[in-house]
Each structure stands twice: as C-alpha cells, then as structure tokens.
*Asks:* 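For reference, the structure I am asking about is given below.
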Amino acid sequence: MSTLSEAYRDLPHHPHHIIPLDFDSVRTLPDSHVWQPTSHASESEDRLSIPTVDLKDPDAGKLIGHACEAWGAFQVTNHDIPLDLFHEVESEARRLFSLPTGQKLKALRSPGGATGYGLARISPFFNKYMWHEGFTIMGSSIDHARDLWPNDYRRFCDVMEDYQKKMKELAVTLMHLVLKSLDISEEEISRVVSAGGDSTALQLNSYPLCPDPNRAMGLAPHTDTSLLTILHQSTVNGLQIFKEGVGWVLVSPTNGSLVVNVGDLLHILSNAQFRSVLHRVVMKENQQRLSLAYFYCLPSDFHISPLALNSTQMPLYRSVSVRDYIGIKAKNLEKALSLIRI
Ligand SMILES: C=C1C[C@]23C[C@@]1(O)CC[C@H]2[C@@]12CCC[C@@](C)(C(=O)O1)[C@H]2[C@@H]3C(=O)O
Ligand SMILES: O=C(O)CCC(=O)C(=O)O
Ligand SMILES: [Fe+2]
C-alpha cells in the first residue's frame, strides 16, 4: 500500500509557498496579504445553517445522506469524543503556534514533503497570501516535535496520536453511514473504509490576530481532497461554506459539535450525488482562530471510480488513482473534478 504522503513527493512547492509570514512582527497588513472584500449571503440567508445530526438518532444514516446531498456538509453531535480532548489538542496547538517564528521554521515542511509547519498547499494558486499558518501530521509527529521542543515533545505527540485515534473511529462510523445511504454493497463499503484507515492527515490551522481582518483572507475557497473531513473549530467564527443559489453561509462553532465536509474522493465515489463542498475562512474577528481538520482519505495507489450506480445510471467520472487525482489537482485546483469527467 502506498501512503498518502508519497503522492506529494513529486509535487514540490517553492519555499515562497511554504514559509509563512513572521506574523508577530507586522503592525499593518502587507500588500502581499490584501484581498478584495469578500461577499456574503444576505442577512436573512445568513440565518440558514448546515444540518445538525445527532449520531445516536436511529435515523442518523438517512439524515446524513440528505445533508450530504443538499449541503455537502453537516454538524455532528453526540459523537462521544470528550470535550477535554479538544481542549488538550487546542492547548498543544497554541503552544506550537505561539513559538517564535525561528523556532517554528525548524519544523518547516520540506519542498516535496507532506508534514510539518507551513502555508496551505493551495497557496500557489492565489496571487495574494493567506493569513494562515498550518501544521500537518500524518500518524506520528515525533520527528517534527523533537525539532520544536528537544526536551519536551512527548505531550504534544501523545495528545495528537490520541486525537487521531478517536477521529479515525468516528470517521469509520461516519463513512459506514454515508456509504450505506448511497446503497453501496457491504463488501464495497468494507473495501473502501478499510483502505482509508492508514491514509489520514491531521491539520492544525492557525489564523493569527490580524491588524486589518476585513481585507485579509484566512483560507481561500477550496474543496478538500479527502473522502470526508472532520473539523473542530475554536470559539471564533470564520468558516463559511458555499451553497448554490444562496452564497457563502457562516458555520458558527458550537460547543463540542464537529463539522463534517464531503471531499472530492467521496464526490467521485458517489457519482456526484454528494458534491464536495466549497469552503473558506474569512477573518472577521479580532482574535486568533484555531481549527483542527482531520482528513480521511485513501492510499495513493487506490483506484477510485463511481460506485453508487443503479442500472440506469452512467458513471460521470473515469477511474483514477488517488496519486493521479492529487497530481491533477496540484495543477488545476478548481477544475480537477471536471478534468476526470467522462
Ligand atoms: C491530506 C491532505 C489534505 C490537504 C493536503 C494534505 O496532505 C494535508 C493538508 C491538507 C490541506 C489543509 C488546508 C486546505 C488544503 C486544501 C490544503 O492546502 O492543505 C488541504 C489539502 C487538501 O484537502 O487537498
Ligand atoms: O479552519 C477552518 O475552519 C477550515 C479549515 C479547512 O478548510 C481545512 O483545513 O481544509
Ligand atoms: Fe478545507
């Protein structure tokens, strides 16, 4: 099996698109980080929100299916992940992002690497920089953590491992419900879900305090490449998802609930019945914002094609390896799905 990180090895980034700004040293927003003002759904539409699904509801599978079809996203409650764990991960993430820039750069993602400290991978597609720094973990974080805290890395690694373990269990539960709602056979469900187990990533996102939040962009519009993404947001607003016919809709953090997004791989697998959701992070508040995004993906040598087809449906996408899809998306951020359309 080929790990997910292998897929990024031949897609090196220029250091300009890896090294974040020294956010602590700037007093005004540099021109390189100034974006056009962002549009927003109207106030009445702003009251719209993505569906919330109680995981203990006997109808959870059906409700998740409807949410994925209508929104490509939902919030999940009653997931049994203790609130304390979110607080511990947030506290370790804060410890990391509050290190001096020179120290954080010791864990910088290498040009062909997938893990470590740096800008979002989508950075090269935009002519302005985002007000964002990230830290990507795939399994153990020991190598980077040792570089950051030579004598004090254990706690960070343990907390991140514990969180990834809990997230994986939740992702497996959600994947079973999602795929069942698509009427995919048990055999196919097991094949997909078991392949996903070792191809996951945890992204710690920080949106530092910004001198001019209205002209900055936290994270530019994108869809995730994953099957599913499970997101925890700190108490600060900023995440918006795009709903056709409505516009950008705010997803406010609610204590303990997690946001689940449909990613491109599930979009392909479901033959576009569940569409990967466009989302972004805007900087409206005068506070640092943190989020934890867990990506449930597939190994790079997995060949993905539409599975949810009845006898009258034609596949909309050709079969493609995850490695090739990531390669296509690395060159064409927005058009990747249309480039594999039959
Ligand atoms: C598994 C992954 C998804 C991701 C690329 C990555 O290897 C780890 C970082 C992820 C992230 C987080 C911020 C947004 C995003 C588009 C990016 O630039 O890096 C996603 C990537 C993705 O979904 O393609
Ligand atoms: O910070 C957020 O709320 C969203 C993060 C995100 O979209 C991502 O990591 O892919
Ligand atoms: Fe995302």
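Read the numbers this way: they start at 1 and go in the same order the structure lists the ligands and their atoms. These numbers come from the heavy atoms of this one structure, side chains and all, not from hydrogens, waters or symmetry mates. Numbering of residues begins at 1 and proceeds along the displayed sequence.
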*Asks:* Which protein heavy atom lies closest to atom 3 (O) of ligand 2, and at what distance to 0.1 Å?
*Replies:*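 The closest heavy atom on the protein side is R289 NH2, 2.9 Å.
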
*Asks:* Among all protein heavy atoms in this structure, tell me which lies nearest to atom 14 (C) of ligand 1, with the distance rounded to 0.1 Å.
*Replies:*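 Result for atom 14 (C) of ligand 1: H222 NE2, 3.7 Å.
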
*Asks:* Would C297 count as a polar contact of ligand 1, with the cut-off being nitrogen or oxygen pairs under 3.5 Å?
*Replies:*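 Between C297 and ligand 1 (N or O atoms, distance only) the closest approach is not under 3.5 Å.
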
*Asks:* Record the part of M138 in heavy-atom contact with ligand 1 below 4.0 Å; permitted values are side chain, backbone, both and neither.
*Replies:*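 For M138, the contact with ligand 1 is made by the side chain alone.
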
*Asks:* Could you tell me which atoms of ligand 2, counted from 1 in the order shown, lie closer than 4.0 angstrom to a heavy atom of Y207?
*Replies:*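 Those of ligand 2 that fall under 4.0 Å from Y207 are 1 (O), 2 (C), 4 (C), 5 (C).
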
*Asks:* Output yes when E6 and R9 qualify as a salt bridge under the 4.0 Å nitrogen-oxygen rule, no when they do not.
*Replies:*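 Not counted as a salt bridge, because no side-chain N and carboxylate O are separated by less than 4.0 Å.
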
*Asks:* Using a strict 4.0 Å threshold on nitrogen-to-oxygen distance, state whether E244 and R275 make a salt bridge.
*Replies:*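 R275 and E244: not salt-bridged.
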
*Asks:* Counting only N and O atoms by type, is there a donor-acceptor contact under 3.5 Å from the side chain of S141 to the main-chain atoms of A145?
*Replies:*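 A pair under 3.5 Å: no.
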
*Asks:* To the nearest 10°, what's the angle at the Fe ion (ligand 3) between atoms NE2 (H222) and NE2 (H279)?
*Replies:*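 That angle works out to 90° after rounding to 10°.
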
*Asks:* Among protein heavy atoms, which sits nearest to atom 9 (C) of ligand 1, and what does the distance come to when rounded to 0.1 Å?
*Replies:*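 Checking every protein heavy atom, the shortest distance to atom 9 (C) of ligand 1 gives Q203 OE1, 3.5 Å.
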
*Asks:* Can you find an N or O of N205 that's nearer than 3.5 Å to an N or O of ligand 2?
*Replies:*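 Among all N and O atoms of N205, at least one is under 3.5 Å from an N or O of ligand 2.
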
*Asks:* Could K329 and D264 be called an ion pair, given the rule that one side-chain N must be under 4.0 Å from one carboxylate O?
*Replies:*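 Salt bridge present between K329 and D264.
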
*Asks:* To the nearest 0.1 Å, how far is atom 18 (O) of ligand 1 from its closest protein heavy atom, and which atom is that?
*Replies:*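 Scanning the protein heavy atoms, the shortest distance from atom 18 (O) of ligand 1 goes to R121 N, 2.8 Å.
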
*Asks:* Is the ring centre of Y294 less than 6.0 Å from the ring centre of H232?
*Replies:*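 Not close enough - the centres of the two rings lie 6.0 Å or further apart.
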
*Asks:* Nearest protein heavy atom to atom 23 (O) of ligand 1, by residue and atom, and its distance?
*Replies:*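 Among all protein heavy atoms, the one nearest atom 23 (O) of ligand 1 is T225 N, 2.9 Å.
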
*Asks:* Can you see whether W131 has R289 sitting over its ring - NZ or CZ less than 6.0 Å from the centre and within 45° of the normal?
*Replies:*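 Relative to the ring axis of W131, which defines the angle, R289 lies outside at least one limit.
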
*Asks:* I need the contact type for L4 against ligand 1. Using non-hydrogen atoms and a strict under-4.0 Å cut-off, is it side chain, backbone, both or neither?
*Replies:*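 Near ligand 1, L4 shows its side chain, while the N, CA, C and O stay back.
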
*Asks:* For ligand 2, which atoms have a heavy atom of A293 less than 4.0 angstrom away?
*Replies:*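 Listed by number with element, the hits are 9 (O).
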
*Asks:* Mind checking whether F295 contacts ligand 2 via backbone (N, CA, C, O), side chain (CB onward), both or neither, at a 4.0 Å heavy-atom cut-off?
*Replies:*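 For F295, only side-chain atoms sit under 4.0 Å from ligand 2.
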
*Asks:* Okay, side chain of D224, backbone of S226: is any donor-acceptor separation there less than 3.5 Å?
*Replies:*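 Looks like no, no N/O pair under 3.5 Å.
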
*Asks:* Salt bridge or not for K166 and D80, using N-O below 4.0 Å?
*Replies:*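 Not counted as a salt bridge, because no side-chain N and carboxylate O are separated by less than 4.0 Å.
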
*Asks:* Determine whether the side chain, the backbone, both or neither of N261 has a heavy atom under 4.0 Å from any heavy atom of ligand 2.
*Replies:*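 N261 to ligand 2: no contact under 4.0 Å from either part.
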
*Asks:* Of all the non-hydrogen atoms in the protein, which one sits nearest to atom 6 (C) of ligand 2, and at what distance?
*Replies:*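 It is L219 CD2, 3.4 Å.
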
*Asks:* Tell me which N, O or S atom of D224 sits nearest to the Fe ion (ligand 3).
*Replies:*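 Nearest N/O/S atom of D224: OD1.
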
*Asks:* Number the atoms of ligand 1 from 1 as they appear, then name those within less than 4.0 Å of a heavy atom of I122, with their elements.
*Replies:*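 Under 4.0 Å from I122, ligand 1 has these atoms: 16 (C), 18 (O).
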
*Asks:* Could you identify the single nearest non-hydrogen protein atom to atom 8 (C) of ligand 1 and state the distance to 0.1 Å?
*Replies:*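 Going by distance alone, atom 8 (C) of ligand 1 is nearest to T136 CG2, 3.6 Å.
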
*Asks:* With a 4.0 Å cut-off, strictly under, does atom 16 (C) of ligand 1 pick up any protein heavy atom?
*Replies:*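 It does; a protein heavy atom is within 4.0 Å.
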
*Asks:* What residue and heavy atom of the protein are closest to atom 11 (C) of ligand 1, and at what distance?
*Replies:*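 For this ligand atom, the closest protein heavy atom is F295 CZ, 4.0 Å.
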
*Asks:* Quick one: which ligand 2 atoms are inside 4.0 Å of a heavy atom on V281?
*Replies:*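 It comes down to these atoms of ligand 2: 1 (O), 2 (C), 3 (O), 4 (C).
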
*Asks:* Counting only heavy atoms closer than 4.0 Å, does ligand 1 sit against the backbone of A120, its side chain, both, or neither?
*Replies:*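 The answer is both, backbone and side chain.
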
*Asks:* Ring centroids only, cut at 6.0 angstrom: are Y317 and H267 within range, meaning strictly under it?
*Replies:*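 Ring centroids of Y317 and H267 are less than 6.0 Å from each other.
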
*Asks:* Looking at W248, is R280 sitting on its ring face, NZ or CZ under 6.0 Å from the six-membered ring centre and within 45 degrees of the normal?
*Replies:*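 Judged by the rule (NZ or CZ under 6.0 Å from the ring centre, within 45° of its axis), R280 counts as positioned above W248.
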
*Asks:* Using a 4.0 Å cutoff against the non-hydrogen atoms of H279, which atoms of ligand 2 qualify?
*Replies:*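 Near H279, meaning under 4.0 Å from one of its heavy atoms, ligand 2 has 7 (O).
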
*Asks:* Tell me whether K56 at atom NZ has more than 12 heavy atoms from other residues, nucleotides or ligands lying less than 6.0 Å away.
*Replies:*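 Counting neighbours around NZ of K56, more than 12 heavy atoms of other residues, nucleotides or ligands fall under 6.0 Å, so yes.
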
*Asks:* Going by atom types only, do E133 and Y117 share a side-chain donor-acceptor pair under 3.5 Å?
*Replies:*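 Their side chains do contain a donor-acceptor pair, which is all the 3.5 Å distance test asks for.
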
*Asks:* Can we say E188 and R191 salt-bridge, meaning some charged N sits less than 4.0 Å from an Asp/Glu carboxylate O?
*Replies:*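 Between R191 and E188 there is a salt bridge, with a charged N closer than 4.0 Å to a carboxylate O.
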
*Asks:* Any idea which protein heavy atom is nearest atom 6 (C) of ligand 1, and the distance to it?
*Replies:*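 Looking at atom 6 (C) of ligand 1, the protein heavy atom closest to it is Y8 OH, 3.6 Å.
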
*Asks:* Quick one: does ligand 2 sit under 4.0 Å from the side chain of L231, the backbone, both or neither, non-hydrogen atoms only?
*Replies:*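 It is the side chain that gets close, since no backbone atom is under 4.0 Å.
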
*Asks:* Give the numbers and elements of all ligand 1 atoms closer than 4.0 Å to a heavy atom of D224.
*Replies:*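 The list of qualifying atoms is 23 (O).
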
*Asks:* Please tell me whether N271 and Q273 have a donor and an acceptor in their side chains that are separated by less than 3.5 angstrom.
*Replies:*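 There is no such pair between these side chains.
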
*Asks:* Check whether any side-chain N or O of H279 sits under 3.5 Å from a backbone N or O of V277 as a donor-acceptor pair, and report yes or no.
*Replies:*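 It does hold such a pair.
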
*Asks:* Look only at the side chain of K284 and the backbone of P213, and say whether a donor-acceptor pair between them is shorter than 3.5 Å.
*Replies:*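 Side chain of K284 to backbone of P213, a donor-acceptor pair under 3.5 Å: no, none is there.
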
*Asks:* For ligand 1, which atoms have a heavy atom of A201 less than 4.0 angstrom away?
*Replies:*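 Those atoms are 1 (C).
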
*Asks:* Is Q233 close to ligand 2, meaning an N/O of one under 3.5 Å from an N/O of the other?
*Replies:*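 In fact, backbone or side chain, Q233 has no N or O that close.
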
